[in-house]
There are 2 protein chains.
Amino acid sequence: MLDVTPHAPGKDEPVPSSAQPTRSPSPRYGARPTMKDVAARAGVGLKTVSRVVNGEPGVTADTERRVQDAIAALGFRRNDSARILRKGRTASIGLVLEDLADPFYAPLNRAVEEVARAHGALLINGSSAEDPERERELALAFCARRVDGLIVIPAGDDHRYLEPEIAAGIATVFVDRPAGRIDADAVLSDSFGGAREGVAHLAAHGHRRIGFIGDRPRIHTAAERLRGYRTAMADAGLPVDESWVSLGPTEPGRVRAETERMLAGPRPVTALFTGNNRVTATAVRVLARSPRPVALVGFDDLELADLLSPAVTVVAQDAARLGRTAAEQLFRRLDGAAEPPRRVVLPTRLIVRGSGELRA
Amino acid sequence: MLDVTPHAPGKDEPVPSSAQPTRSPSPRYGARPTMKDVAARAGVGLKTVSRVVNGEPGVTADTERRVQDAIAALGFRRNDSARILRKGRTASIGLVLEDLADPFYAPLNRAVEEVARAHGALLINGSSAEDPERERELALAFCARRVDGLIVIPAGDDHRYLEPEIAAGIATVFVDRPAGRIDADAVLSDSFGGAREGVAHLAAHGHRRIGFIGDRPRIHTAAERLRGYRTAMADAGLPVDESWVSLGPTEPGRVRAETERMLAGPRPVTALFTGNNRVTATAVRVLARSPRPVALVGFDDLELADLLSPAVTVVAQDAARLGRTAAEQLFRRLDGAAEPPRRVVLPTRLIVRGSGELRA
DNA sequence: TAGAGCCTAGACAACGTTGTCAGATCCGGA
DNA sequence: TCCGGATCTGACAACGTTGTCTAGGCTCTA
């Protein structure tokens, strides 16, 4: 039941009415007091208020106190919009990612926030939902707000629309996937190497028929991971039956169907490599119901993965480190670093949890 | 402290302090073109550019084209800071939550974002890290940016500091936990009822010694859940040994120690109720190593909880719905709804996954 | 005691946009 | 031919802040 109760006011604590005794010669209702109002009330000049608010020197203790009193009495708070307009810098950065709610991106988001905070900047963010047009809208909306910098997890593969913005001075760093058709800083995980290592792990445990289920091929990481898969198979001298490979949207329905298909065919796979956390989660569910044990290695770690039976071996990325590295690079640019765009590739880590063995 | 700190002047702008140098042929390097620049280039008035940019009527097709050309040629993008200053509305809302990376809050964050997007607003957010002071800093920083509205997941228990802001017109809605010492809209989950139901479930399956591990008692939801636990125990006629109850920080070390303690004592618990997702995750790990099976019901659902063995029964909250409801309430306020503050309590849902049985 | 020098304080002009208002142009109808 | 009205356009003043510059008042020294 959804119950909506008008909240009884006196319950928590009677609100002390002593807080705002006299609201001055009543500034316009609903409008906030400005420095001008504070100045008038304190009987000082506008600039003096500005000085006090910003802690600038050159104000006597007495004057300062008068101003502080006026500020408190009026409930003044500096309007940062005006400040930003005047100063040119907004002390904020924008982050465009795929999905704020995705367990992989959430720690990245948090890491970016921490770095921003350490630099005194606020974070504006939004989800592209893997839609290039929406990515563009968001990024440009952030630019219109004149964020100092932009961190983008690309959904699209053409970022030329950002060129004027970058030229105009908005520092931009791409994470997780490289920028398309422009040259820019990027911080990536080693998708190719990670997938190769994960698949090699399966091959080393005797699997010969290994399936690959990944995200849509236009996504850079998906393509790289597939490449890692193929390379590892070739390294191990294993042929790849194309029915073992499936790229496409990661929604559970498709992944479930593909997993079941690979387990059912005339030449069923004995092991599966899954291309990201969402795919892994669905595959685990399907495999849990499989009569025949199937080995599974997944890209991205999962919470509680160690507790599944069998525990899922994963190729873990450090999402927080991705975010941190990207944000630090961004602020390095903002501090004036003028080196040419660079690409940082962070290593992945194979976490063996015992699901690799060939048990079929 | 959040602040715009101007760094070394003269760095990005090597302009002699005397005056504006010739700015007509090419705008200063690094400076963005403004409507004035566009107007000059298109040979029209400033206001005409404004009209074109905002799609206002009253511009002939020919003039519009000239302006559009100039915009494209210069790479002009409207400065929303100036626009905001002029218009008074920022079309942005602020969200203060505990931790952007927490799997419980991430979907809430996303839901808020979706609603904001539907209303054409951007989202600024930040993590309080459960620190009241940081919550305050963030909320006030957002207010200084003149967000239209604020959604807060309280870390502290005194929100009187927001009174002047609310009075000045910043709509504010609290989620997950009620506001402290002020009367404001709040959207909550039914922590009491949910915990009561979860503990009753354990009692109904024959458990008599049921432990409770929760978050710090000053957190409203933790206190409510404990109350639900005590009520359910009383309902079932079960005495509560205080050694079965533990409230405190949710970091794994403490939770692990407490869980082990409850399992080891002279009167060990046979079942455990855990107060939120973080506690549950740690408890599951400890219980997985327990020689004796212990039943577990947790507040908050976990990804993959259905795949654990035994599967974990949970009291699930709908985090996305919390976020959506709060954001909708916020925009209702922004659209002028003037009803008294109200408290919405959303139901929880017991998801039985078979771990409730007494197996010891 | 005068002048130099420091400190405090305020007047004023930006920042880039939008709302208001008034001028210019054009049309059709009398 | 002239006028009313509609349509298009631009000058100008805000919005609230900060940087620059100058005016006083004070202290200190010669």
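Lettering follows sequence order; numbering is per chain, from 1.
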Between A/Arg181 and A/Glu163 (salt bridge meaning N to carboxylate O under 4.0 Å), is one present in this structure?
no
Residues B/Tyr161, B/Glu135; criterion side-chain contact (heavy atoms from CB on, under 4.5 Å); working and verdict:
CA-CA 11 Å; B/Tyr161 70 88; B/Glu135 170 209 305; 2.6 Å; yes
d(CZ, B/Arg145; P, D/dC15) in whole Å
22 Å
Does a distance-only test, which skips hydrogens and angles, find a donor-acceptor pair under 3.5 Å between the side chain of A/Arg86 and the base of D/dT18?
yes
Rounded to the nearest angstrom, tell me the gap between atom CD1 in A/Ile71 and atom P in D/dT17.
10 Å
If you pin A/Met35 and B/Arg66 to their nearest nucleotides in DNA chain D, which one's is more 5'?
B/Arg66
In terms of side-chain geometry, is the basic nitrogen of B/Arg110 or B/Glu113 positioned less than 4.0 Å from the acidic oxygen of its partner?
yes
Charged N to carboxylate O below 4.0 Å: is that the case for B/Glu165 and A/Arg77?
yes
Carboxylate-amine/guanidinium contact A/Arg66 A/Asp69, below 4.0 Å
no
Rounding to an integer number of Å, can you tell me how far B/Asp80 CG sits from C/dT17 P?
9 Å
Please report, rounded to the nearest Å, how far the P atom of D/dT18 is from the CZ atom of A/Arg89.
17 Å
In whole Å, I'd like the distance from the CZ atom of A/Arg83 to the C1' atom of D/dG16.
12 Å
Whole-Å gap separating C1' (D/dA11) and NZ (B/Lys36)
13 Å
Taking NZ, NE, NH1 and NH2 as the nitrogens, is one of them in B/Arg332 or B/Asp335 under 4.0 Å from a carboxylate oxygen of the other?
no
Under 4.0 angstrom between B/Lys87 side-chain N/O and C/dG19 OP1 or OP2:
yes
Shortest non-hydrogen contact between B/Ala106 and B/Leu100, atoms and distance
CB-O, 4.0 Å
Toward the 5' end of DNA chain D, which comes first, B/Ala82 or A/Glu56, by nearest nucleotide?
B/Ala82
Quick one: is B/Asn54 getting a side-chain N or O under 4.0 Å of the C/dT18 phosphate, OP1 or OP2?
yes
Is the phosphate of D/dT17, meaning OP1 or OP2, less than 4.0 Å from a side-chain N or O of A/Ser50?
no
Its contact letters, B for base, S for sugar-phosphate only and - for none at protein heavy atoms under 4.0 Å, make nucleotides 5-12 of chain C read ---SBBB-
